[in-house]
Protein chains: 2
Amino acid sequence: MSGVSIGEAARVSGVKVPTIRYYEQVGLLIEPPRTEGNRRVYDQACLQRLTFIRHARELGFEVDAIRTLLDLQDNPGQSCSPADSIARQRLQDVVERIERLKALQTELERMIVGCSHGTIAKCRVIEVLTDHGQCEHPTH
Amino acid sequence: MSGVSIGEAARVSGVKVPTIRYYEQVGLLIEPPRTEGNRRVYDQACLQRLTFIRHARELGFEVDAIRTLLDLQDNPGQSCSPADSIARQRLQDVVERIERLKALQTELERMIVGCSHGTIAKCRVIEVLTDHGQCEHPTH
DNA sequence: CTACAATCTCTAGTCACTAGAGGAGCAAGT
DNA sequence: ACTTGCTCCTCTAGTGACTAGAGATTGTAG
């Protein structure tokens, strides 16, 4: 017992049905056993794995990184430093992205606040986009 | 005079050569005139348009939004409120993304700090990913 | 028995490029 | 004139992580 259909697996894990099939296709999930009628049957371990994947994806880990993390999870005796470094790499990524987005936020706000809501001819939004010299952030 | 090659246009605008051709293909740029030897020739207006596109892309506007912004720029008599609302939409997007990334940052930091650098069996990174209940942020 | 939902496989589409093949044009040096 | 090497041309296919849809089959509730 305790085998569930793909639909049920989707409901439980929060991963959509086609996405589950996709994960199987790209090798994140091993091919599950089938019923006589050729339907996939998922057991508890598989469901956990799915939840793991969903969670990791939500944290922005790439599928490739997740593959490595899953490999590590499957071999609990190893050093966890690869997992640690993947997570650190991801954190650095996130921090950098936040920085860049904050710069964008500033610039967008300047554009919008400066707009006097008249015609395009005097639109600050268009103007800033046209003339890059008006940017305060030299990052781009 | 004043017509430049695609390579020169790329250098001036900061948009790569294949990307320029791509923009032409998807209709952001009109097809430029050609030399006898079939090479594209860009004039000043085209270069400005390219810079406009690059800048807008750097601010994260989608190609579709840029199409609209370019249309607006071409008709300067109109109200600028569509441009304004595209920019506001984009700003909201950015702000939301920052929020989400900050939550991720927190969670990644908790994962990493909690890791005692032993084996996978005790790895906090893997543990948190496996057991979603350990998340503080209920957003996912 | 008959709807209807859920599942199956397969292909193609998304976005904004990027990479590469295979060929032609062009400018400078020998 | 010739060669070297750069730029340019078109075209197709690949990226990541799915998503959408067609068309067929299976399972289930009334």
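Since this is a predicted model, take the numbers as computed values, not measurements. Protein chains get the first letters and strands the later ones, always in sequence-line order, with residue 1 at the start of each.
- If you check the side chains of A:Thr130 and B:Gln48, you find no donor sitting under 3.5 Å from an acceptor.
- Protein atom OH of A:Tyr22 is 15 Å distant from nucleotide atom C1' of C:dA12, rounded to whole Å.
- A:Arg34 has its CZ atom 19 Å from the P atom of C:dA6, to the nearest Å.
- Taking the charged nitrogens against the carboxylate oxygens, B:Glu24 and B:Arg40 do have a contact shorter than 4.0 Å, which makes a salt bridge.
- Along DNA chain D, the stretch of nucleotides lying under 4.0 Å from any heavy atom of chain A spans, 5' to 3', D:dA17 to D:dG27.
- At the phosphate of C:dG25, neither OP1 nor OP2 sits under 4.0 Å from any side-chain N or O atom of B:Thr35.
- The CD1 atom of B:Ile20 sits 15 Å away from the C1' atom of C:dA16 (whole-angstrom rounding).
- Within 4.0 Å of A:Arg21, counting heavy atoms only, lies at least one base atom of the nucleic acid.
- Atom-to-atom, CD1 of B:Ile66 to C1' of C:dC17 comes out at 13 Å; the value is rounded to the nearest Å.
- Taking atom CD of residue B:Glu24 and atom P of nucleotide C:dA16, one finds them 18 Å apart after rounding to whole Å.
- In terms of phosphate contacts, A:Arg40 brings a side-chain nitrogen or oxygen within less than 4.0 Å of OP1 or OP2 of C:dT9.
- When each of A:Asp64, A:Ile53, A:Ile86 is paired with A:Leu69, the side-chain contact (heavy atoms from CB on, under 4.5 Å) condition holds for A:Ile86 and for no other.
- Across C:dT7, C:dC17, C:dT9, the shortest atom-to-atom separation from the side chain of A:Ile6 is found for C:dT7.
- With DNA chain C read from its 5' end, the first of the two nearest nucleotides for B:Pro18 and B:Asn38 is the one closest to B:Pro18.
- Between B:Asp71 and B:Arg67, none of the side-chain N atoms (NZ, or NE/NH1/NH2) sits under 4.0 Å from a carboxylate O, so this pair counts as no salt bridge.
- The side chain of B:Arg39 contributes no N or O atom lying less than 4.0 Å from OP1 or OP2 of C:dC26.
- Ionic pairing of A:Glu58 and A:Arg54 is present here: one or more N-O contacts between side-chain nitrogen and carboxylate oxygen are shorter than 4.0 angstrom.
- Rounding to the nearest 0.5 angstrom, the gap separating the CD atom in A:Gln105 from the CG atom in B:Asp93 is 12.0 Å.
- Taking atom CD of residue B:Gln25 and atom C1' of nucleotide C:dC17, one finds them 10 Å apart after rounding to whole Å.
- Using a 4.0 Å heavy-atom criterion, one finds that B:Phe61 contacts no nucleic acid atom at all.
- Summary for the helix from C:dC1-D:dG30 to C:dT30-D:dA1: the axes at its two ends, each from 5 pairs, differ by 10° when rounded to the nearest 10 degrees.
- Heavy-atom neighbours of B:Glu109 CD from other residues, nucleotides or ligands within 6.0 Å: above the threshold of 12.
- A residue-by-residue look at A:Tyr23 and A:Glu36 shows that A:Tyr23 has its nearest nucleotide of DNA chain D further toward the 5' end.
- No donor-acceptor pair under 3.5 Å is formed between the side chain of A:Arg39 and the backbone N or O of A:Arg34.
- Under a 4.0 Å N-O distance rule, the pair A:Arg49/A:Asp74 qualifies as a salt bridge.
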